[in-house]
Structures are given as structure tokens and as C-alpha cells.
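Report on the following structure.
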Amino acid sequence: MANNPVDPLQLLQAALTAPANSQEQANLLATLRESLESQPSPIPILAQTLFAVTVNAGDSLLKRWVLDLFHFAICRSTLTLDQKTQMAVRELDSLVQLIEDPSVAIVKVAIQILTGVYPLVFRYLCTNRTNVGPWNTISACKSRIIEMVWGTNVNAGVKISAMKFVQRVVLVQTRGVSDPRLQNKNDPNISFCPVDHPFISVAKLETEGQKLLEGLATTLYSSQDVDLLSALLNSWVALVKQRPATLPYVITALRSWTPVSLAGLDASNIKSVEKAVRILLIHISKIPASSQYVPQINDALSQQSMRMEKAAAEEKKRKLSLAESRKRPPSAAVEPVDNKRIKLDDTPQPSSTSFLSAFDFTSLPAPLITNLIVANLEAFSDAQLVSLVNNFRQNRGLHVPQPSTSTTSAPKPQPTAALPITPSVPVPPHKPAPAVNEPLSGPGDIDEPIAANLGTQTIDLELPDFQLPAPKSLSETERQSLVTDTVARIWDGAEELKGDGFSPDSLQAGGNSAAEMWMLLLVRMITRVSEPPTETKEESMAIVNSNFYSRQDHLRQVLSDYIMQDFTSRIRLATTWMNEEWYNDQVRSKDMNWRPNYETWLNHIMTAYQNALDGKDKTFSRFLLDLPSIPGGVLDLLRDFCVDNSNTDRLQVGFLTLRGFVMQRPVLRIEALSVLLQLTTHSEKLTRAAAINTVKLWVPNHALNYPMIRQFALQMLRKLQVGKPTSTKVDAEDGGDSEDSDLDELVHTPYLPERIELPAKKPQVLQHLELLFALCVKVPELLDDIFEAYTKMDTTVQEAIQDLITALIRSLGSSHAKLLTILRKCPEGAESLALRVLTIFTENGRPSAQLVALVKGLINERDLDARFLIPIIAEMDKADIMRHLPRIVSSLNGQAENKNLVRSVFSSIVTTPPQTFGSVTSNLPRVRQSELLTPAELMVLLHESEKEIGRKSAIEGRNWLSSLSFQYTKRVFFEKQSVYVSQ
């Protein structure tokens, strides 16, 4: 690659034009990656462009390549720390959005990138005390990833990545070297942050880091995931090396650890974790800061060696026993005699009896022992077997039954007379068997003569006409108790069915796993065992139907109560149940006697669980997202959650679920997004802000959602116009007229009147425009629509907008290219809004030279109000000041506001006495001292421009000039008179 340099932009262009996900595209991207690894300087520019294209796209080869490239740039490239930090802050919102991507591979890489981004953003914000946005974003992302570590339904690879992120958080939020001279800028930690930081709480972060470390130690003691434990132990190497203060806690945790929680796993897995613990202990013992803990570490290593040797011996013994159990011993009674090996000598050989008496039959598997017993029994005839049994009885001193001596054949006994059968016990027909068991059991209720006859006669036990009796009738209470016990028994016995290693609520459990099978058994036992009655008489039919549905409702209530006792751990059971109910309703939809159950019991579960919602628990959201069908009432309930400001848990769950519907349920996308858009106009600020933050995730790169969001915001802007709103231009790619027709229904939200009430109130105007203002930050082109619509608004609405737009203009800044363009091409009628923008730019600082030139050009081109000159006149040269000042003074009309404006202008353009100049600071913008006017020059200017200004305004200006903080001394008046004389 070094011998054949390539152009990254050409390679990228070729890769983008190649067929998506093709081998050609893969080869081009691989070549480009190799080039960028050797020369990483173009990565920041390419990453910014590619992220905008791929972040909201589906899973693809290009998207994964972009993320891998960004991961390389942040974590392993030779880019400077500042370059990495700029990339991290700029793409933070996009990375956070990828945490919810449907692809597990994308989520894993996104978390790995955020593991490197978190310390960069933390270091950046420690010195940037005003930009609170990235901190709120990274904090929310951190909470989401931390939940994945201890979540029960998280992919194993995602969980390991999340655990490594938590380790990095612990490293950052644990105090390092306090001396600034010894601090390493590549190792940011809590010591970098000042204690008086406005939005980062040092104490809170430090406490959180300690709790996370304790949580990881708890995972070490409780988890059975060998890969997770190995990753955890490996990550502690950097922790103890860079944060020596954590040594005592880590050493104590490792000394106390034993593989108790790993019981039931393979010996190789347990040995792997033991080795990881041992390697970590040995590494810690070599760290200089751990010298005082070496005796404790050596003691722990010796105890572990003994434990590992004992485990190895037990495993070896188990394998040997297993190998011996697989060997089948030879059977002397079955094997034929080998005539070729007959020995002729009289040497005594050990008998098979002595050999068998010393053999441990318990080492053999049970099926093999059963086969051996059956084979030996079949080797004897009935008479031989009875004789052997009698001999055994006689040797033990037991009663030996005497056989009958009668030679006459007894009549064939009936099976029911000789062996009565209990009706309640089902006995399937079977072939007659030899009566050899009775002698082993001793004398019973059957007479000895009959028993003797049974030994020599065959009893016919075949029952061709036998039928099982009807089941025992149970009362309603007994039925309910039986079902309840069955449900509990199936659940309690589920541990025996988890041979595949998945928990019942694991998302990895497939339809064929044991965990799924027992859930299906439990659900179908309740939902599919009965058919609706089909009586003909109406009165009887009504009674039977009532009893039938009452019984079925009770069974479902039992299942519902059981699920609601621990909904979080039984969510898979609840999801399986709802899927079965929906399928049943679909299959039986043509049956007029069938009463649907899906929506009824879904509403029942939602009503029962909504009072126990936890904003940090994603269980309820996941349950709703996994449902086969979403009734309309679910969206109404989620809307109620979102507007419940008294319960933040409900509010978080509501917005999280609606966002999931938009992203993961295409059928519900428009309906869920419509609810979110309507909530952006809610009167409560908390609800409105949460809705706006949610929809902003899809702006501007989401091809399906952004057009709908944009059009809704513009429709709300049109509602503020006087008269019938005119149609705002719609780009062809946004959907054209068809999109407008769909959005007409969205305009009328339940939180706003159809037409704004005049005079307008500022809070109501904010309800209409806050979404549009938020979109303008990401899509500044929307400012054109605001200025265009502003000209058609009522005066009270315009005044409200002038005040509400302040935060937006400040966030964009005075050098924003789009804002300067709008000021240059301001529509007629929007001058007051442009003046407000100009005023905001100059309130707390001096205007830029670019802004001054722009306003001067506007004044020359248009007949603008004199107030446009006030913010920038102090930056003009003396000639321009003297040319434009009369227009400013002419605005004096006796009103206090205009008087204050003119007075501020005089203060900024008139020189102060030399003895005090520079001794008093002022926040007002100043020009160069040589460009300022002297009081005498200003007085003469007011006098000469009296006709242009107006006599009344000129007099008022002179009066205000004489009342300024500096006094007109005799020297000033002499200067004035000399000016007159010279003229």
C-alpha cells in the first residue's frame, strides 16, 4: 500500500457506487480501510459524512464498515486527542441512537465505541462548563448500557461489551492522581473535574463508580457465564494498575471467591475461571503498590492450588468411573463355550459366583442391569424358577407352599373372580405372564390351592370389552385448586427442563427449546382444552355458556395472577400466552359461539401492571413490542402514561414504548409517531420536552420519519398565521401533496385549539413552535419558513416569537451562515424579527465585522428602521457614524425605551475625559479611540442636522447629551464655539 498510494475519496466513491453488500464493495472497503489505517487524517471528514448516511439505514456491509472504522479512529488510531474528542462529541447523538438498533452486531460495536467515547467526552466537559447537552446525552446512554449488564434478556456478546463499558466508567469515575503536574491527559478521571462544576457532580459520580465496582464484584460471585467472568477479571488488570486505591477491595474480593456459583458446569469451564483468578492475583503481586498485600495474595494462591488439585482429582475419578460403567461384563449363562480352549489339567479356577460376588453392580447403568435380569430370568423354565424360589425359601427358614397333588384338571377360572380389578385404575390389556412373582411375596389373600393352580395354569387377562369408567366429578373449588396446583407444579419443575441453558424468559430461547415447551404446555392447557358448548335450547344454552365462560375466565385469571406475582421474570410466559390467545381468536373467528379473549386479557395485564411500572425497567415495553397485534387502546394508554407528570416512571415507559413502536413495528409507525407529534404540543413542559427529544432522534436522516415530522412542525407554524393558512412549500422528496393530505389530520392536536386565540399568549405560541425551533438546530433551512410565515402573523404572535426565539438564535451563533443569509434576504414584513436576531447577537458582545458589513449593506439597499444601526454603530468609523447618527436621533419621540437606546448610543460613540478613560470598564461595545466623537463634535452634529432630525428630536437629543455621565466643562463649550467659528 505504501508503494501504491491511493486516493481515499476515489476509493470511497467507487465503494458507494458498487452494488450494496457485494464482494466488489467489500474488497473496495477493505482496501480503503488499509489505506486509512496507515494515513488516518481523512477519517474525521469521512466519518462525519458517512455517519449521516448510514446511522438510520438498515444493517448493511457499509454500515458495519463505517462503525468499525469509527471504532478504530477512536480507540486505536494515531489521531490526536483533540481530533478524537471532536469526533466523539459530534457523533455522540448518532452513537446513542445505535444502542437501540435491531441488529445485535451493530449494538455491540456501538457500545465498544462508546467505551472509548465516554472518557473523551468527560475530559472535554470538565473544561467546557456551558455545553450541558452532551453530558445529558452521555449520562442517559450510560444508564441504558449499565442496565444491559444485569439484564436477563440481553445477548451474551452485548452483555460482555456492556460490562467492559462499565469497567471504563469505573476507571473514569475513580479518583486518580490529584497533582495536575502528574496527571496523564490520556487517562481522564474524576480528579480532572472541578468541584464547582455547574452540571457534573463529582461526589455523585464517585459514589456511582464505587457502587458499580461493587456490582461487578457481586457478578463475580453469582454469574455462571464463563466468558463474562473471564472478561471481568481481565479488565481488572488495568483498574488495579491505574487506580491503586482499588487494590484492597479487589484483593479482598479475589481472596474470598470460590467456584460455588459455578456448580453444575463442566470442569473445564470452572478451571478456566480459576486460571483467570490466579493470573490476576499473580499480576497484582508484581505491582509495586501491592507489596504490603503480597502475603495475603500468596495465601490465596496456595488455597486456590489446593482447591484446583482436589477438583482435578475428583474429575479424574469421575471420568474413570464413567469409563468403567461403559464396559459390559461377560455373562457365563449367555456366552457359548469355546471348545478350542478347553483345559485338560485339574487346576481349580475361580467360579463365576465368587467373581460376581465381588463385582460392584451399582457402577452399571440401570438399563443394563434391567436387561441382565430379564435375560437371566428367561434362561430358566417356569418349573425351574419355582424350584429355585422354594429352595431359597427353605434355606432362609421361610414358608414353602406345597403344590397340589390332584390329578383332575380344575375348571378354568374367570379373570374377574380370581383377580378382581379396581374400576378406577386403568389396566390395559396384556399377554399372560408366568405366575412366578407370587411365591416371592409370601402367602397372601389367595388360598394355597388356588396359588398352586396358578403356578401351573395360564390365566387369561385380556379384556376385549373393557371400558374405562367415567372420571370422577370435581366441584368448582376442587377444579380451581387442581389447576392452581398444576400451574405452580409445572413452573417449579421447570428447572429440570432447562437443559439447554436458557432461562424461561430469555430472548434466546427458541420455539423448540425445553423452556418454550413447558410454557406452551402451561398456556395451551388453559387456552385450548375446551370447546364452546353447542346446546340447542336457548335457555339451556345460555346457562351452559355462562358456566363455560366463567370457568374459562377463572382459569385464565389463575394464570394472570401467577404472572403478575413476578411479571419481570415471567414476561416470556406472558408473551407466549398472549400469542396463543391471539392465534386462538384468529382460528376461531368464524365460530359465532366463540368469545375473543386476546384484547380482554391484554387489557387486564396492562391494567394490573401499570401501577408497578419502573422507568428503569424495560420489561413492560419489551412485552408490548413482542405482542402479535396492538389494539388501539394500547396507544391511548401509552399517551396517558406520557402526560402523567406526577409519575416519571410512567412517562419514561410511555415514550420508550412509543419510540419502539416507531422503530420496530412498521405497521404502527404512523400511528405511534402521530401520538408523539401531538405530544410535542402539550401544555406541560416536561411532557413536551420529552416528546421533542424523542422525535429529534429521526431528524434529519431518517427517510420515513423525518418528512412527517417536518410537515407537522410546518403545519403548526401555519396555524399561527392570520386568516386561512397558506400552503408552505413541500420538497418533492418529502412526499408532496400526498404527505400534506396525510398530515391534515395531525394538525388538530387535542392540546391546542383549532385557531389560536388573540391576543396571543406566549405559552400557547411556544406550544406551537417549540418543535420547529428544536428542528432548526439540526435543519437550519427551516428558518426560511419561520421568517416567511412571520409576515402573516398577528402582532401579538410576532412579539411572542421575538422573545421565544432567543434561545435558538444564541445556540446557532452570530457566525451561522444560514442566519446571515436570512438577514441579508429578509422577507418584507419580517424586519422586526431580523432586528431581534441582530439585537440578540450584540447583547453580550461585539458584533463581528461580517455582521457589521451585512447590516451596512442592508441599510444602503433598503429603507430600514434606524434601530438596525444601534447594535453596530459603535463598530463604524467616524464618517459612517456622523452619516447615520441623525437617523438614530430622529427616533426620539418621548418614549422611555427610545431615550434609553439613544443614550446608550451616545455613551458608545463619545469619548470620555482623558483622566478617566480606561479606568472604568464597560460591557458596551467600543470602537477605536480615534474613531470616537468628541462631545463638541456630537453637539455640532446635532445642531447641523436639526432639519433632518426634527427640531423636537434634536432638542431632546441635546438634553440627553448634556445629562450623560461626563460633564460639559468650559473647555467643551470653548471647543464648540471654535468649531462654529472655523465653519
Side-chain angles (χ1 to χ4, degrees), residues 115 119 146 149-150 156-157 159-177 184 187 189-190 206 208-316:
T115 303
I146 290 174
V149 178
W150 291 281
K159 181 173 288 191
I160 292 177
S161 299
M163 190 275 299
K164 292 180 179 179
F165 175 86
V166 172
Q167 290 280 20
R168 182 60 61 88
V169 171
V170 172
L171 195 63
V172 172
Q173 296 180 191
T174 302
R175 195 170 294 278
V177 179
N184 181 7
D187 180 25
N189 59 81
I190 204 71
E206 197 166 7
E208 182 188 36
Q210 182 61 32
K211 289 184 178 180
L212 288 176
L213 180 59
E214 294 173 359
L216 294 175
T218 304
T219 301
L220 177 65
Y221 282 87
S222 59
S223 177
Q224 283 195 329
D225 191 335
V226 176
D227 295 333
L228 182 68
L229 294 178
S230 299
L232 187 152
L233 293 169
N234 293 336
S235 64
W236 274 0
V237 174
L239 178 65
V240 297
K241 187 175 181 180
Q242 299 181 40
R243 303 292 182 267
T246 61
L247 272 173
Y249 185 85
V250 173
I251 293 175
T252 302
L254 294 176
R255 287 186 60 198
S256 304
W257 180 85
T258 57
V260 176
S261 63
L262 304 179
L265 298 182
D266 292 342
S268 59
N269 291 331
I270 300 177
K271 185 178 180 181
S272 174
V273 180
E274 289 273 20
K275 283 186 174 180
V277 174
R278 186 174 186 84
I279 291 172
L280 179 56
L281 285 171
I282 294 174
H283 176 82
I284 293 175
S285 65
K286 297 179 180 180
I287 298 177
S290 65
S291 57
Q292 57 180 326
Y293 304 106
V294 170
Q296 302 177 24
I297 296 175
N298 292 335
D299 182 57
L301 290 173
S302 62
Q303 292 181 7
Q304 189 193 41
S305 298
M306 297 173 59
R307 184 171 66 239
M308 294 178 67
E309 291 175 359
K310 182 179 179 182
E314 291 178 353
E315 178 65 12
K316 183 177 180 180

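Sequential numbering from 1 along the given sequence is applied to the chain's residues.
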- Query: Between NZ of K159 and CG of D225, what distance do you get to the nearest 0.5 Å?
  - Reply: 7.0 Å

- Task: Look up atom CG in L281 and atom CD1 in I251, then write down how far apart they are to the nearest 0.5 Å.
- Result: 8.0 Å

- Query: Between R307 and E274, does at least one N-O distance fall below 4.0 Å, as a salt bridge requires?
  - Reply: yes

- Message: Would you compute the distance between atom CD of E206 and atom NZ of K211 and round it to the nearest 0.5 angstrom?
- Response: 13.0 Å

- Compare every heavy atom of S261 with every heavy atom of L220, then report the nearest pair and how far apart it is. O-OG, 4.4 Å

- Item | Candidates V250, V170, D187 - the one meeting side chain to side chain contact (heavy atoms under 4.5 Å, CB included) with R243 | D187

- Item | Side chains of E315 and I270 in contact at under 4.5 Å (non-hydrogen atoms) | no

- Message: Going by the rule salt bridge (charged side-chain N to carboxylate O under 4.0 Å, His left out), which residues pair with R278 if we only count those two or more places apart in sequence or in a different chain?
- Response: none

- Query: Does S256 use its side chain to pair, donor to acceptor, with the backbone of T252 at less than 3.5 Å?
  - Reply: yes

- Message: Assess the residue pair L254 and I284 against the criterion (side-chain contact (heavy atoms from CB on, under 4.5 Å)); give the C-alpha distance rounded to whole Å, side-chain angles, the decisive distance to 0.1 Å, and a yes or no.
- Response: CA-CA 11 Å; L254 294 176; I284 293 175; 4.0 Å; yes

- Message: Rounded at 0.5 Å granularity, tell me how far OG1 in T246 sits from CZ in R175.
- Response: 14.5 Å

- Task: Measure across A238 and L171 and return the closest heavy-atom pair with its distance rounded to 0.1 Å.
- Result: O-CD1, 4.2 Å

- Is any side-chain heavy atom of M306 closer than 4.5 Å to a side-chain heavy atom of K310? no

- Item | Exercise: identify the closest heavy-atom pair between P244 and P248 | O-CD, 4.1 Å

- Is V273 close to L265 at the side-chain level, that is, under 4.5 Å between some pair of heavy atoms? no

- Measure the CG-CG distance between D227 and L232 for me, rounded to the nearest 0.5 Å. 12.5 Å

- Task: Report the residues that fulfil side chain to side chain contact (heavy atoms under 4.5 Å, CB included) with V237, sequence neighbours left out, ordered by chain and then residue number.
- Result: L280, H283

- Neighbour count above 12 (heavy atom, 6.0 Å) for K164 NZ: no

- Task: Compare every heavy atom of L216 with every heavy atom of W150, then report the nearest pair and how far apart it is.
- Result: CZ2-N, 4.0 Å

- Task: State, to 0.1 Å, how close Y221 and W257 come at their nearest heavy-atom pair, and which atoms those are.
- Result: OH-N, 3.5 Å

- Item | side-chain contact (heavy atoms from CB on, under 4.5 Å) between L301 and Q304, worked out | CA-CA 5 Å; L301 290 173; Q304 189 193 41; 4.2 Å; yes

- Note on the structure: Between V226 and S272, the two heavy atoms sitting closest are CG1-OG, 4.2 Å

- Evaluate the side-chain contact (heavy atoms from CB on, under 4.5 Å) criterion for residues T174 and L213: first the C-alpha distance (whole Å), next the side-chain angles of each, then the deciding distance (0.1 Å), finally the verdict. CA-CA 10 Å; T174 302; L213 180 59; over 6 Å; no

- Query: Under a 4.5 Å cut-off applied to non-hydrogen side-chain atoms, are L262 and N269 in contact?
  - Reply: no

- Task: Mind checking salt bridge (charged side-chain N to carboxylate O under 4.0 Å, His left out) for D299 and listing every partner two or more places apart, or none if nothing turns up?
- Result: R255

- If you measure from CD on Q167 to OG1 on T115, what distance do you get to the nearest 0.5 Å? 10.5 Å

